[in-house]
Amino acid sequence: ENNEFNLYTFNYCNYINRIKSRSFNQKMSYLLLGFLTGISLILAIGAQNIFVIEQGLKKKYIFIVCLICSLSDFILIFLGIFLFEYLKIFFTKNVEVTFNILLLVFLIYFIYNKVISLYKKNKINYEDKNLNFKTIVIKTLGFTYLNPHVYSDTVFFLGNFSKNFLIANKYLFGFGASIASFLFFFTLGYLAKYFSSNIVNSNTWKTINFFIIIFMTVLSSYVFMDII
């Protein structure tokens with residue numbers, strides 16, 4: 001009887017461990033999806049990122065600039081998630097399809113702009129090295145909150161994309177995207193002064209944008225399949 005009991009206990013423990021392992025892997029998959037989606041949205045040579053690079057090159061107020069950009073993304077990402085969580089009680093099938101169509105249109109537009117950016121050159125401003133702390137904070141907030149793309153990328157896209165996730169998975173997705181934002185901005189800012197020749201090199205950004213186009217195309221196909 002003791003052997004049977006021990007065998008039962010052993011099998012039960014293995015069963016529980018397998019369930020925990022599957023649960024952990026599932027959680028990590030949403031965290032990773034959020035990270036990859038977030039990094040794909042943020043990896044762009046837009047006005048905000050150029051401003052972060054400039055501060056890195058000037059070695060001025062890098063930490064506060066990166067912190068404001070990262071915290072702003074965190075706030076807007078979860079604003080989008082909570083907004084779509086609240087709005088889901090009003091979702092009918094037609095409303096959901098409409099949102100998915102808008103999401104698909106956004107993705108196509110995003111990919112189109114990425115393709116166009118492959119043929120564009122961006123300029124870095126090395127002047128204005130004597131900006132004070134207050135001016136830097138105001139400029140950072142301006143580049144962040146006056147940029148319409150920050151709302152379409154965080155509030156609309158991430159909130160819309162995760163609208164059908166369970167609430168716990170939405171949190172993991174949001175944290176993954178937020179981690180991507182923190183890593184990106186602080187890496188961009190602090191490495192700019194050391195690797196400026198590579199960071200501002202157009203071929204580097206073309207390579208980055210090429211992989212973003214591929215990833216976003218895969219997401220577009222996922223949304224399209226959800227519509228049909």
Asker: For Leu141, enumerate each residue passing the side chain to side chain contact (heavy atoms under 4.5 Å, CB included) test, keeping only those at least two apart in sequence or located in another chain.
Answerer: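 With sequence neighbours excluded, Leu141 shows a side chain to side chain contact (heavy atoms under 4.5 Å, CB included) to Ile68, Val137, Tyr145, given in chain and number order.
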Asker: For Ile167, enumerate each residue passing the side chain to side chain contact (heavy atoms under 4.5 Å, CB included) test, keeping only those at least two apart in sequence or located in another chain.
Answerer: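 For Ile167 the side chain to side chain contact (heavy atoms under 4.5 Å, CB included) partners, ignoring immediate neighbours, are Glu85, Lys170, Tyr171.
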Asker: With Ile138, which residues qualify under side chain to side chain contact (heavy atoms under 4.5 Å, CB included), at least two apart?
Answerer: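 Partners of Ile138 by the side chain to side chain contact (heavy atoms under 4.5 Å, CB included) criterion, ordered by chain and then number, come out as Lys134.
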Asker: How would you list, by chain and number, every residue that makes a side-chain hydrogen bond (donor to acceptor under 3.5 Å, both in side chains) with Asn100, sequence neighbours excluded?
Answerer: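 side-chain hydrogen bond (donor to acceptor under 3.5 Å, both in side chains) list for Asn100, sorted by chain: Lys163, Asp226.
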Asker: Can you tell me if OH on Tyr151 sees more than 12 non-hydrogen neighbours from other groups inside 6.0 Å?
Answerer: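 Yes.
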Asker: Does a sphere of radius 6.0 Å around CZ in Phe182 hold more than 12 heavy atoms from other residues, nucleotides or ligands, not counting ones at 6.0 Å or beyond?
Answerer: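 Atom CZ in Phe182 is crowded, with more than 12 foreign heavy atoms closer than 6.0 Å.
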Asker: Which residues satisfy the side-chain hydrogen bond (donor to acceptor under 3.5 Å, both in side chains) test with Thr98, sequence neighbours excluded?
Answerer: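 Thr98 satisfies side-chain hydrogen bond (donor to acceptor under 3.5 Å, both in side chains) with no residue once adjacent residues are dropped.
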Asker: Apply ring pair (Phe, Tyr, Trp, His ring centres under 6.0 Å) to Phe157 and list each qualifying residue two or more places apart in sequence or on a separate chain.
Answerer: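 Residues passing ring pair (Phe, Tyr, Trp, His ring centres under 6.0 Å) with Phe157: Phe106, Phe161.
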Asker: How far apart are the C-alpha atoms of Asn49 and Phe184, what are their side-chain angles, what is the distance that settles it, and do they pass the side-chain contact (heavy atoms from CB on, under 4.5 Å) test?
Answerer: CA-CA 10 Å; Asn49 291 347; Phe184 173 78; 3.5 Å; yes
Asker: I need the full list of salt bridge (charged side-chain N to carboxylate O under 4.0 Å, His left out) pairs touching residues 28-43, with sequence neighbours left out, sorted by first then second residue.
Answerer: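 For residues 28-43, and leaving out neighbouring residues, there are no salt bridge (charged side-chain N to carboxylate O under 4.0 Å, His left out) pairs at all.
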Asker: Considering only residues two or more places apart or on different chains, which pairs with a residue in residues 64-82 satisfy salt bridge (charged side-chain N to carboxylate O under 4.0 Å, His left out)?
Answerer: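 Output for this query is empty, none listed.
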Asker: Do the non-hydrogen side-chain atoms of Tyr30 and Ser162 ever get within less than 4.5 Å of each other?
Answerer: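 Answer no - side chains too far apart.
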Asker: Mind checking what makes side chain to side chain contact (heavy atoms under 4.5 Å, CB included) contact with Leu183, not counting sequence neighbours?
Answerer: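 Only Phe35, Ile179 meet the side chain to side chain contact (heavy atoms under 4.5 Å, CB included) criterion with Leu183.
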Asker: When you look at Phe173 and Thr37, which way does the side-chain contact (heavy atoms from CB on, under 4.5 Å) test go after all the steps?
Answerer: CA-CA 9 Å; Phe173 180 81; Thr37 306; 4.1 Å; yes
Asker: Apply side-chain contact (heavy atoms from CB on, under 4.5 Å) to the pair Ser178 and Phe78, showing each step before the final yes or no.
Answerer: CA-CA 9 Å; Ser178 300; Phe78 277 92; 3.7 Å; yes
Asker: Excluding sequence neighbours, so at least two apart, what forms side-chain hydrogen bond (donor to acceptor under 3.5 Å, both in side chains) with Thr144?
Answerer: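 Checked Thr144 against side-chain hydrogen bond (donor to acceptor under 3.5 Å, both in side chains); matches are Gln48.
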Asker: Who else is in Tyr112's hydrophobic cluster (ILVMFWY, side-chain heavy atoms under 4.5 Å, direct or via others)?
Answerer: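 When side chains under 4.5 Å apart are linked, the cluster holding Tyr112 also contains Ile116.
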Asker: Going by the rule ring pair (Phe, Tyr, Trp, His ring centres under 6.0 Å), which residues pair with Phe63 if we only count those two or more places apart in sequence or in a different chain?
Answerer: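 Checked Phe63 against ring pair (Phe, Tyr, Trp, His ring centres under 6.0 Å); matches are Phe186.
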Asker: Quick one: do Val150 and Ser72 satisfy side-chain contact (heavy atoms from CB on, under 4.5 Å)? Show the steps, please.
Answerer: CA-CA 9 Å; Val150 75; Ser72 297; over 6 Å; no
